[in-house]
Each structure stands twice: as structure tokens, then as C-alpha cells.
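Treat the numbers as computed from the prediction; the structure is a model and nothing was measured.
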Amino acid sequence: MSKIKVVHYLNQFFAQIGGEEMADMEPELREGLIGPGIALQQALGADYEIVATVICGDNYFGSNLEEAQSRILELIKPYSPQLFVAGPAFNAGRYGVACGTIATAVEKEFGIPALTGMYVENPGVEMFKKDLYIIETANSAAGMRKAMPKIATLAKKLINGNEIDLPAEDGYHERGIRVNYFHDKRGSTRAVDMLLQKVKGEEYQTEYPMPFFDRVPPATPIIDMSKAKVAIVSSGGIVPLGNPDRIESSSATKFGKYDVTGMDRMSKDDFISIHGGYDTAYILEDPNLAIPLDVLREMEKEGQIGELANYFYSTTGTGTSVGNAEVFGTEIGKQLLADGVTAVILTST
Amino acid sequence: MVKEIERYGLPVVHMCTIVPISLTIGANRIVPTVAIPYPLGDPHLGEEKSKNLRRHLVEKGLDALQTEVDGQTVFEE
Amino acid sequence: MKLELGKILIQDVQFGAKTEVVDRTLFVNKEEIIELVLEDDRLIGADVELARPGESVRIAPVKDVIEPRVKVTGGGVLFPGMINKVEQVGSGRTHALVGATVITCGRIVGFQEGLIDMSGPAAKYCPFSETNNVVLVIEPADNLETHDYETAGRLAGLKVAAYIGEAGKNIEPDEVVVYETKPLLEQALQYPDLPKIGYVHMLQSQGLLHDTYYYGVDAKQLVPTFMYPTEIMDGAIVSGNCVAPCDKVTTFHHLNNPIIEDLFARHGKDLNFMGVVLTNENVFLADKDRSSDMTAKLCEFFGFEGVIISEEGYGNPDTDLMMNCQKVSQKGIKVVLITDEFPGRDGKSQSLADTVDEADALVSCGNGNVIINFPPMEKVIGTLDFVETMIGGYEGSLKPDGSIEAELQIVIASTIANGYNKLAARGH
């Protein structure tokens with residue numbers, strides 16, 4: 001059996017090239033293993049072989065993010081690696097960010113398991129834990145001996161397609177990924193247990209800590225609405241008859257852009273709602289209840305708004321993950337900006 | 001979606017019924033609407049009055065887009 | 001109020017000349033059931049199929065699931081205000097055919113009906129993969145308006161469940177469990193040293209396919225009220241909703257509410273179960289404000305020291321859940337919430353649409369967005385025509401060989417947010 005090919009990523013310091021003075025070094029590849037690679041190879045065992053090590057200066061990586069990534073990917077490609085390990089970076093911030101960035105890029109580019117290791121306070125943990133398995137390490141290189149076996153154990157599980165255990169058991173930073181399992185008690189029994197603990201003032205542990213939603217500073221207001229180009233976006237699940245883009249009625253994975261050129265109002269002969277979260281009978285009868293095309297057209301004619309964009313963007317809000325909604329928003333926003341839109345009305349059901 | 005569009009500097013007014021959700025997710029300009037199955041209008045009022053109500057709500061939305069805000073603001077009646 | 005619930009265990013279901021229970025086998029007369037269903041002229045066709053645990057059978061699109069029960073003694077009849085006149089229930093004796101159900105299925109009403117697999121890898125997610133099911137396949141009249149179709153289907157299921165339940169009336173139950181809740185002041189005095197615990201039961205009430213009925217009253221017209229828990233066991237609450245299949249609280253789940261069962265199991269031991277506050281999940285913000293205010297007021301008035309709150313559905317009902325949590329907590333009452341999670345297919349997004357700081361004790365009934373593969377089954381009861389438009393389904397979900405790839409939420413009651421199942425989610 002041929003060995004599993006591993007590529008290892010190190011910064012200038014761990015590759016024993018130099019300290020801060022060498023932090024600008026550009027990416028280069030060495031065949032075989034270097035420095036911490038010895039411990040990694042040992043932990044991985046005889047079925048694995050570190051075929052190459054890529055080295056890059058932390059400052060170079062940080063100030064040339066795009067270029068560093070593409071150059072490193074090019075360097076690695078000929079080796080067709082099956083596993084990628086970066087670092088570990090311990091508490092080195094720039095190194096942590098580099099490890100996270102390149103491991104994420106490798107995973108995406110080659111579709112292979114990529115992992116790294118960091119100390120809990122390394123900013124790279126917060127940045128990349130959702131994308132990667134990041135093994136929890138000590139805050140300095142003194143923890144190398146302990147970190148490498150953990151990295152190797154998890155890497156092997158990923159390679160072999162074994163089930164990954166809880167963060168505490170497999171030693172990685174919790175990624176905030178919600179994974180199903182079967183508890184030995186049903187939910188209602190757990191609720192009674194938890195309630196009695198809470199009532200008695202004992203310690204209890206929620207099964208889902210309240211999530212965090214970030215904030216965006218408000219955009220500056222429109223000064224003269226009669227010159228503004230207004231666009232409509234909706235999460236009410238309004239689509240043309242037949243739902244051409246097959247948008248899901250719940251937990252949407254896509255959005256649609258639908259033309260309303262020449263229309264004075266939304267007609268029930270042209271549009272329907274496929275939203276699974278409410279009684280759609282009213283909107284099926286009058287889609288203007290979700291997409292206020294009729295009144296916006298009037299305002300456009302009266303000159304209250306400069307122009308109404310001749311389309312609306314649409315998706316289903318119910319059960320749609322914030323992750324997907326962010327992707328939709330980013331793409332819709334880009335397109336709106338490119339089309340000269342200056343103000344947006346977003347309607348939700 | 002609201003936030004990601006607003007990140008480009010485009011002002012967005014979120015017209016929705018369940019204001020608490022809008023506040024939780026982080027919309028900045030919020031105009032409360034009528035009901036989940038009919039946010040902009042009220043079919044029970046008949047077509048003309050429903051449309052007048054819609055016009056009123058959309059005007060409020062446009063007003064919100066022309067108002068300077070420091071943070072999350074709900075534009076009540 | 002005191003109810004004796006006689007549990008008659010059913011281990012098999014068969015067609016027979018007479019609808020009866022013999023040695024733990026339920027026999028059903030197909031013709032009589034069909035006749036009963038077709039009494040309603042909104043339905044022009046009906047068929048009855050049987051589905052047992054372990055069979056290679058897929059049922060879709062499922063509308064409701066009901067446990068056959070019968071009132072033996074005590075006032076009232078099953079499902080008051082729905083198929084029977086309104087009369088107080090919850091006292092005396094009721095028999096249940098435990099291990100049997102009636103499932104209604106047929107052409108889709110909306111997007112919200114779901115799947116049940118009787119075997120294979122998806123079976124472990126559904127409580128009805130383990131029951132002996134009498135499946136009613138209904139066919140609506142041409143051009144029947146959707147609200148009427150939903151009503152006709154709902155009533156057909158209840159009628160058939162009550163009809164089959166009659167077969168248990170004179171059978172000696174395998175087990176009799178007694179549930180009793182005394183009037184408030186007496187109940188408080190019965191176990192003065194134990195914490196007084198209540199249950200806030202949120203009913204889905206958002207309109208077509210999202211409705212629930214309380215003694216025949218559409219729950220969206222309710223203001224929060226008090227219920228003796230045993231009323232629910234006699235069918236005082238009926239599901240008229242199909243929300244998302246995974247968190248649908250079927251009529252079966254109302255009859256067998258696990259929170260009520262588990263609170264009774266600890267009643268007099270380490271808690272004093274005082275009763276149920278019933279509230280709704282409406283589409284107007286003003287209703288949400290009003291209902292949560294009144295829920296908190298009732299919890300305070302009844303002297304609850306702790307409550308469990310369960311929701312039905314996701315998205316905007318999360319707001320009702322959070323408003324209830326916040327307002328009840330502000331009365332100094334300890335709160336535990338039960339919910340399910342929708343963090344996206346990758347599990348990385350926020351699981352709830354709304355949050356409050358007070359929601360610090362929450363039980364998870366699982367992530368409904370996980371993708372599941374359903375191998376083909378030898379037999380399909382109903383139709384797979386609507387799989388791709390059902391909640392949890394998507395373009396390409398249904399494969400030519402009859403297998404399905406879809407989100408877990410397409411499976412009936414798989415992540416039901418009253419804690420009926422053992423499925424849970426945790427952070428990786």
C-alpha cells in the first residue's frame with residue numbers, strides 16, 4: 001500500500017530559517033520534513049509520509065494574502081497531497097492567521113482534510129474555527145510534543161472517514177457546528193431535570209448557548225429621494241408562476257431576480273408565494289402585499305422616487321440559515337450597487 | 001441579508017411584522033408592518049383601503065431611508 | 001381533575017371483518033372506515049393501508065397522526081368541539097390503543113406535509129416508524145379550496161381514530177395510570193415543600209396549515225388560559241397544522257404530551273406539577289405582545305416557581321418563545337425552554353431566529369437541516385410527487401430509483417420541540 005502523502009506548512013521561525021528579520025520571506029517549498037515535521041511524522045506513523053514542507057514568512061503572508069495563497073497552492077499542487085497540516089501556531093497571532101488561511105484554502109482547492117493547532121487566545125481560532133479543525137495547544141512551542149499526537153489522531157480520523165468526537169474528546173476548539181446525536185434521555189425528561197436544577201439554584205448547562213448576531217453601522221440616509229433609484233428585496237417567497245429557480249419553501253439555498261419591466265402592479269397571474277412559513281392565501285390573491293410594486297410605480301410616476309429598479313430579488317426567509325442569507329445579501333448588494341441602486345426596501349413576511 | 005446589503009453603504013429599510021427578530025438580527029431601519037401573511041396592506045379592508053395602507057407604509061419606509069440614525073431604530077407611528 | 005388512562009398495548013394491525021382488538025392485535029374493517037370518511041362530500045375517494053414497523057414502506061405526504069382513544073367513563077367524548085359536541089373532558093376513564101395510530105395522507109395541501117419511513121436509516125428519527133399504523137389515503141373533490149381540504153382531512157382522521165378507539169372500550173387495559181391535578185389552592189397544599197412547576201404550552205396558530213384547536217376554538221383566537229393536563233389526554237387539543245414536518249406537534253403528540261407525562265412522573269416526588277398555561281403563536285406582533293404578557297401574568301398568579309416552555313415551528317414562533325421566556329423570567333420564575341435548531345445544512349449558523357439573554361437554559365431537540373439519505377422503499381403509501389416542494393426537500397431530492405436526499409426536517413416529528421424524542425444537537 002502506498003503511503004498517504006502529507007504536506008506540512010511552517011513559518012520562517014519554525015522552519016529554522018530565522019526570526020523576525022526573516023518574516024518577509026516569500027513562499028518556498030522543501031522536499032520532505034523540517035523541524036516540527038519530525039514530531040508530526042512520528043505521530044502519524046509509517047502509513048503516512050510528509051512529502052514536502054512549505055515555508056512562508058509571517059509578514060509576507062499577512063501583507064500579501066491573495067498572492068501568498070495562490071503561490072503556495074501552486075507549489076503544493078505537483079505533490080497531490082492527501083492531508084495538509086499547518087503549524088501548530090500556538091499563540092503566535094500572525095502565524096495563526098496564516099495557518100488558518102492556508103489550511104482553509106488547501107481544503108477548498110484540493111478537497112483534502114486540512115488542520116492546524118493553536119492556543120485558545122490566538123486570533124486565528126475565532127477566525128477559522130468554523131472552517132477548520134484547530135487542535136487546542138499550549139501557548140508556546142513547549143507544547144509541541146503534546147500537540148502533534150493530537151493533530152495526528154484527528155487527521156487519521158478525517159482520512160479514514162471516522163466519526164469525529166466532541167471537542168473535548170478529540171482536543172479541538174469547538175467549531176460552533178451543531179451536530180445531531182441521540183441522547184439517552186428524551187428531551188422532555190432533560191428539561192424537567194434542568195428546570196429542577198435551576199429552581200434549586202444548582203448548576204445547570206444549557207444545550208444551546210444563545211448565539212451572537214453581529215451589527216453593521218447604519219448607512220447614511222438618502223438626501224433627495226426624487227433622485228434615488230429604489231430596489232425591492234423580499235424574503236416572502238414571491239416567485240414567478242412555476243418557481244423557475246426552484247427556490248425552497250423553507251431553508252432556502254438560493255435567491256432569484258425577477259423582472260417587472262412594464263408592470264404597474266404585481267399580478268396574481270404572474271407571481272405566487274412558495275413560502276412554507278405562513279398561510280399564503282392572501283399573498284397568492286394579491287402579491288403586492290409582499291412586493292409593493294403598485295404603490296412604488298405610482299410614486300415613480302409622481303416623481304417621489306427617482307426610479308424604481310425593474311426587478312426584485314426574492315428568497316424564502318423561514319428557516320433560512322444566517323450563513324445562506326449572508327451569501328444572498330452579499331451577492332444581491334453587489335448587483336444592486338453595480339446597477340446604480342441607491343436605496344433598498346426589504347420586505348419580510 | 002439586510003446587513004450584508006447595508007455593508008455596501010446602501011441604506012436598507014426592513015419592513016417586517018415581527019420587529020423583535022429584525023432587532024435581534026441587526027437591521028438598522030425598521031418599519032413595522034401589518035401581519036405575517038399580509039405585511040403591506042390588509043385584505044380585509046378591501047382593495048382600495050388595503051392599497052392606501054400599503055402606500056402609507058411604503059412612504060414611511062422612504063421616510064426612514066431619509067432619516068439619519070445612530071443605531072437600530074424602529075419607525076413607529 | 002382526575003383521569004385514569006387505560007393503556008391497551010397493540011403489537012400488530014390487520015384487516016378484519018370487524019374492527020376489534022384481539023390478543024394485542026388490532027383488526028380494522030376497511031369498508032367501514034372508507035364509508036365513514038366518504039360521509040364528507042368534500043372527499044371523493046379514500047383508501048386504507050396498513051404500515052407496520054420494519055416494513056419497506058414510505059408514507060407521504062403525511063398530514064396528521066392520531067392515537068385511537070375512547071372515553072369509557074367521565075363526562076364528555078373524545079375531541080370535543082371537533083367531531084363531538086363541546087363538553088368538558090379530562091375526568092373519569094379513558095382507554096388508549098398504545099402502539100397503534102391513524103395517519104392521514106393524500107395529495108399535498110401546502111408545503112408542510114412530511115414523510116414517514118417504516119424501516120431503513122430514516123426510521124430512527126420518527127416515532128411512527130415504531131407504531132402499527134392505519135393509513136388513510138384521502139382524495140379531495142376537484143377544485144376543493146385548500147382550507148376546506150385541510151378541514152376535511154383533519155376531521156376524517158379524528159373520526160377514524162375515534163371509530164377505531166371504540167374497539168378498546170371493553171378491553172381490560174394492560175396498564176392503568178392515574179393522573180390527577182387538584183384545584184389550584186389544594187394542589188399547592190398537597191406538596192407544600194416541593195417546587196411548584198407549570199408548563200407553558202405554545203400552540204401553533206398562524207393560519208392555514210399552522211392552526212391548532214382547543215375545544216374546537218381556533219387557537220389564534222385564544223387569550224392564554226389555564227388547562228388541567230388531563231383535558232389534553234382526552235383530545236381537548238387537536239392539530240390542524242402541518243408547520244414544518246419535523247416539528248409538527250401531531251394530535252398524537254398532544255394526546256401523549258411528553259412534558260406533561262414527565263412532570264407527572266416526578267409529581268409528588270421532587271416537584272409539584274400545578275398545571276398547564278395554554279398560549280398561541282400568532283401572526284400579529286400585538287398578539288405576541290398580548291399573549292406573552294398574559295402568559296407571564298398567569299404563571300405569576302398561579303405561584304409557579306419554575307416553568308417549561310415548548311414551542312411549535314421555527315422562525316417567528318422563536319419570538320413568541322423568547323418573549324414568553326423573558327416576561328416569565330422577569331416575574332422571578334425559573335424557565336427552561338425546549339426547541340429544535342435550524343443552523344443551516346453546514347450547522348454553522350445561528351440555530352434560532354430570535355434570542356433574549358434570559359434564555360440561558362435550553363433543551364435542544366436536534367438540528368433539522370442535516371441532510372439525510374432515504375433509500376428506496378418497496379411500497380409507497382400516498383405519493384412522492386411532492387417531495388421536492390415539501391419543506392426539507394429541494395430540486396433533485398427525489399432520485400429516479402425512488403430514493404430521496406432531503407433535510408431531516410422532511411420527516412414527521414423528527415425534531416419535535418416538546419422533547420418527545422431522544423435526538424439532540426451539540427456543538428462540535
Side-chain angles (χ1 to χ4, degrees), chain A residues 213-225 228 230-231 233-236 255 265 275 277-283 285-286 288-292 294-296 298-299 304-305 313 315 317 320 322 325-334 336-337 341-349, chain B residues 1-19 21-44 46-48 50-73:
Chain A
F213 293 84
D214 70 345
R215 295 285 179 261
V216 174
T220 49
I222 302 292
I223 307 293
D224 184 356
M225 197 49 84
V230 179
V233 179
S234 179
S235 65
F255 65 87
R265 59 191 306 279
H275 198 289
Y278 60 86
D279 181 352
T280 53
Y282 303 103
I283 286 177
E285 198 52 42
D286 183 5
N288 295 286
L289 290 167
I291 308 282
D294 55 354
V295 300
L296 279 165
E298 284 177 9
M299 293 175 174
Q304 281 206 42
I305 57 173
Y313 286 91
T315 189
T320 297
V322 172
E326 280 174 4
V327 173
F328 303 165
T330 303
E331 183 55 33
I332 292 171
K334 194 165 89 187
L336 290 173
L337 210 61
V341 168
T342 54
V344 178
I345 295 178
L346 197 151
T347 66
S348 289
T349 45
Chain B
M1 276 202 303
V2 182
K3 282 183 292 185
E4 303 316 311
I5 297 173
E6 191 138 340
R7 269 189 228 281
Y8 291 100
L10 279 173
V12 183
V13 59
H14 190 205
M15 304 192 66
C16 63
T17 303
I18 307 307
V19 175
I21 294 186
S22 189
L23 287 168
T24 298
I25 61 161
N28 287 319
R29 292 177 171 88
I30 304 169
V31 169
T33 54
V34 182
I36 292 169
Y38 41 91
L40 297 165
D42 183 348
H44 302 105
E47 204 164 315
E48 196 190 328
S50 176
K51 190 176 164 191
N52 288 343
L53 176 57
R54 174 155 61 253
R55 167 115 188 185
H56 171 70
L57 288 166
V58 170
E59 281 173 353
K60 221 159 79 172
L62 295 180
D63 286 347
L65 287 168
Q66 296 172 81
T67 308
E68 178 91 46
V69 296
D70 301 335
Q72 294 193 292
T73 308

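Taking A:P218, A:A231, A:G236, A:S348 one by one and counting their heavy-atom pairs under 4.5 Å with chain B, the maximum is reached by A:P218. Among B:T67, B:T73, B:L53, the residue with the largest count of heavy-atom pairs under 4.5 Å with chain A is B:T67. Each of B:P39, B:G41, B:C16 has some count of heavy-atom pairs under 4.5 Å with chain A, and the biggest count is that of B:P39. If you tally non-hydrogen atom pairs under 4.5 Å between each of A:V230, A:I283, A:N288 and chain B, the highest count goes to A:N288. Among the candidates B:P43, B:S50, B:P37, the residue making the largest number of heavy-atom pairs closer than 4.5 Å to chain A is B:P37.
Looking at B:L23, the atoms closer than 4.5 Å to chain A (heavy atoms on both sides) all sit in the backbone: N, CA, C or O. When heavy atoms are compared at a cutoff of 4.5 Å, A:I305 approaches chain B solely by way of its side chain, counted from C-beta outward. With a threshold of 4.5 angstrom between heavy atoms, A:V322 does not approach chain B through any atom at all. Heavy atoms closer than 4.5 Å to chain A are found in both the backbone and the side chain of B:T24. For B:N52, no part lies under 4.5 angstrom from a heavy atom of chain A. In this structure, chain B has a heavy atom under 4.5 Å from the side chain of A:Q304, while its backbone stays farther away. For A:T315, the part lying near chain B is the side chain, with the backbone staying farther off; criterion is any non-hydrogen pair under 4.5 Å. With a 4.5 Å cut-off on non-hydrogen atoms, B:E59 touches chain A through its backbone and its side chain both.
The distance from atom OG1 of A:T349 to atom CD1 of B:I18, rounded to the nearest 0.5 Å, is 10.0 Å. In this structure, B:M15 CE and A:S234 OG are separated by 11.0 Å, a value rounded to the nearest 0.5 Å. Between the CD1 atom of B:I25 and the CG atom of A:D214 there is a distance of 10.5 Å, given to the nearest 0.5 Å. If you take CE on B:M1 and OH on A:Y313, they are separated by 12.0 Å, rounding to the nearest 0.5 Å. The OG1 atom of A:T280 lies 13.5 Å from the CD1 atom of B:I36; values are rounded to the nearest 0.5 Å. Once rounded to the nearest 0.5 Å, the distance linking CZ of B:R7 with OG1 of A:T330 reads 7.5 Å.
Of the possible polar contacts, one joining the B:E6 side chain to the A:A219 backbone as a donor-acceptor pair under 3.5 Å is found.
Nearest heavy-atom pair across A:V341 and B:L10 is O-CD2, 3.0 Å. Residue B:R29 comes nearest to A:T220 through the heavy atom pair NH2-C, 4.1 Å, listed as atom of the first residue, atom of the second, then distance. Closest of all the heavy-atom pairs between A:L296 and B:V58 is CD2-CG1, 3.7 Å. Pairing each heavy atom of B:Y8 with each of A:L337, the nearest pair is CD2-CD2, 3.8 Å. The two residues A:L289 and B:D42 have their closest heavy-atom pair at CD2-N, 4.1 Å. Looking at every heavy atom in both residues, B:Q66 comes nearest to A:P221 through C-CB, 3.5 Å.
Counting non-hydrogen atoms of neighbouring residues, nucleotides and ligands closer than 6.0 angstrom, the CG atom of B:D70 reaches no more than 12 such neighbours.
In this view, A:H275 and A:Y278 satisfy the ring-ring contact (aromatic ring centres under 6.0 Å, His included) rule, not counting sequence neighbours. Applying the ring-ring contact (aromatic ring centres under 6.0 Å, His included) rule to A:Y282 yields the partners B:Y38, B:H44; only residues at least two apart in sequence or on another chain are considered.
For the pair A:E298 and B:K51, the minimum side-chain heavy-atom distance is below 4.5 Å. When side chains are defined from C-beta on, A:M299 counts as touching B:L62, because their heavy atoms get closer than 4.5 Å. Residues B:T33 and A:T347 are not in side-chain contact: their nearest non-hydrogen atoms beyond the backbone lie 4.5 Å or more apart. You'll find the side chain of A:D286 reaches within 4.5 Å of the side chain of B:R54, heavy atoms only.
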